[in-house]
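Comments concern the structure below.
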Amino acid sequence: GAAHDQTKVQLGRTLDAEEESSEDEGKQLAQAIAISLQLAGVSNDQGKAQLGQPLDPEKEPGVEEEEQLPQATSEEVGKFWQELSVTDPTGIPDLFKNAKEAVQNHTVSVNLAVKKNGLSLQYAGVDRRRDKEIVLTAVRQNGLALEWADNTLKQDKEVVSAAVKQCGPSLKFASQDLCRNRNLVL
C-alpha cells in the first residue's frame, strides 16, 4: 500500500519490473526495516539517521559534524542493497570494497553484506569491525573473517569459538591467550 511505497521512496530504491525476484527481495527488505524500526520504537529522526538522511542540526545539540562518520544517503544505501540482492555471494566482498565509505559504515548494509559473505568484513568501517554482533555474523558465515575483526574481538571467546567452529584454521587470527586455551582448541 501507500506505506510500502513510501518506504521504497525513502530507501531510494528503483526496482526493475523485469527482475521479479530482486523486486520481491527488495520489498521484503523494505518492509522488514520499517517493521524493525517501529518495533524498536525508533523515532522518525533516528530512522532518518539509520537511512543516512540528514537530520536537523538543531535537534542534535552538542554533536559536531566532524565527529560523525559520513552518512549514507538513502539513495546510496538503496543502490547498494539492490546490487547486493543480485550479486553472487563470492562477488560481495568486491561489491562492498567499491561501495562508498558511508555505506561501508552503515550498520544495516554491513550486516547484510557479511551475512551473505563474511569476508566482506575486511571492507567494513572500523566501528563496524568493533561491533560484536556484526563480527559474529561474519565469522559464522566464514570463520576466516576473524582476521579483520577488531583486536578486542579477537580476544572474545564467543567470537573466536564461532570462527573456529566454522573454520578451524581461523584460530591463527585469535589472540595468543585464546590460542593457548586448550578448551577452545579442543
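Nothing here was measured: the structure is a model prediction, and the numbers come from that model. Computation of the quantities below employed the complete heavy-atom set of this structure, encompassing side-chain atoms and omitting hydrogens, waters and symmetry-equivalent molecules. This chain uses plain numbering: 1 for the first residue, then up along the sequence.
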Q: Write down the atom of Pro89, the atom of Pro93, and the distance for their closest heavy-atom approach.
A: O-CD, 3.8 Å
Q) Who pairs with Asp131 by salt bridge (Lys or Arg N to Asp or Glu O under 4.0 Å), at least two apart in sequence or on another chain? A) none
Q: Report the residues that fulfil side-chain contact (heavy atoms from CB on, under 4.5 Å) with Asp156, sequence neighbours left out, ordered by chain and then residue number.
A: Lys132, Leu153, Glu158, Val159
Q) Sequence neighbours excluded, which residues qualify as salt bridge (Lys or Arg N to Asp or Glu O under 4.0 Å) partners of Lys97? A) none
Under 3.5 Å donor-acceptor pairs involving side-chain atoms of residues 141-150, not counting sequence neighbours:
unit_1: Gln141; atom_1: OE1; unit_2: Gly118; atom_2: N; d: 2.6
unit_1: Asn142; atom_1: OD1; unit_2: Leu144; atom_2: N; d: 3.0
unit_1: Asp150; atom_1: OD2; unit_2: Thr152; atom_2: N; d: 3.1
unit_1: Asp150; atom_1: OD2; unit_2: Thr152; atom_2: OG1; d: 2.6

Q) Does a side-chain heavy-atom distance below 4.5 Å link Phe96 with Val110? A) yes
Q) How would you list, by chain and number, every residue that makes a salt bridge (Lys or Arg N to Asp or Glu O under 4.0 Å) with Asp94, sequence neighbours excluded? A) none
Q. Is there a side-chain contact between Thr137 and Arg140 (heavy atoms, below 4.5 Å)?
A. no
Q: Answer whether the closest heavy-atom distance between the side chains of Cys179 and Leu171 falls below 4.5 Å.
A: yes
Q) In Å and rounded to the nearest 0.5 Å, what is the OG to NZ distance from Ser74 to Lys79? A) 13.5 Å
Q. Nearest 0.5 Å, what's the NE2-CD distance between His106 and Glu101?
A. 14.0 Å
Q: Measure the shortest side-chain to side-chain distance between Tyr123 and Arg128 over non-hydrogen atoms and say whether it is less than 4.5 angstrom.
A: no
Q) Is there side-chain contact between Ser175 and Leu178, with heavy atoms separated by less than 4.5 Å? A) yes
Q) Counting distance only, does the side-chain N/O of Lys154 pair as donor-acceptor with the main-chain N or O of Val160 below 3.5 Å? A) no
Q | Distance in Å, Glu83 CD paired with Asn98 CG, rounded so as to fall on 0.5 Å steps | A | 9.5 Å
Q: Sequence neighbours left out, what passes salt bridge (Lys or Arg N to Asp or Glu O under 4.0 Å) with Lys100? Give chain and number order.
A: Glu76
Q. So, Arg129 side chain and Ala124 main chain: donor-acceptor pair closer than 3.5 Å or not?
A. yes
Q) What's the spacing between Leu84 CG and Ile92 CD1 if we round to 0.5 Å? A) 4.5 Å
Q: Find the distance between NZ (Lys116) and OG1 (Thr90) and round it off to the nearest 0.5 Å.
A: 11.5 Å
Q.
Return the CD to CD distance between Gln122 and Gln104, rounded to the nearest 0.5 Å.
A. 10.5 Å
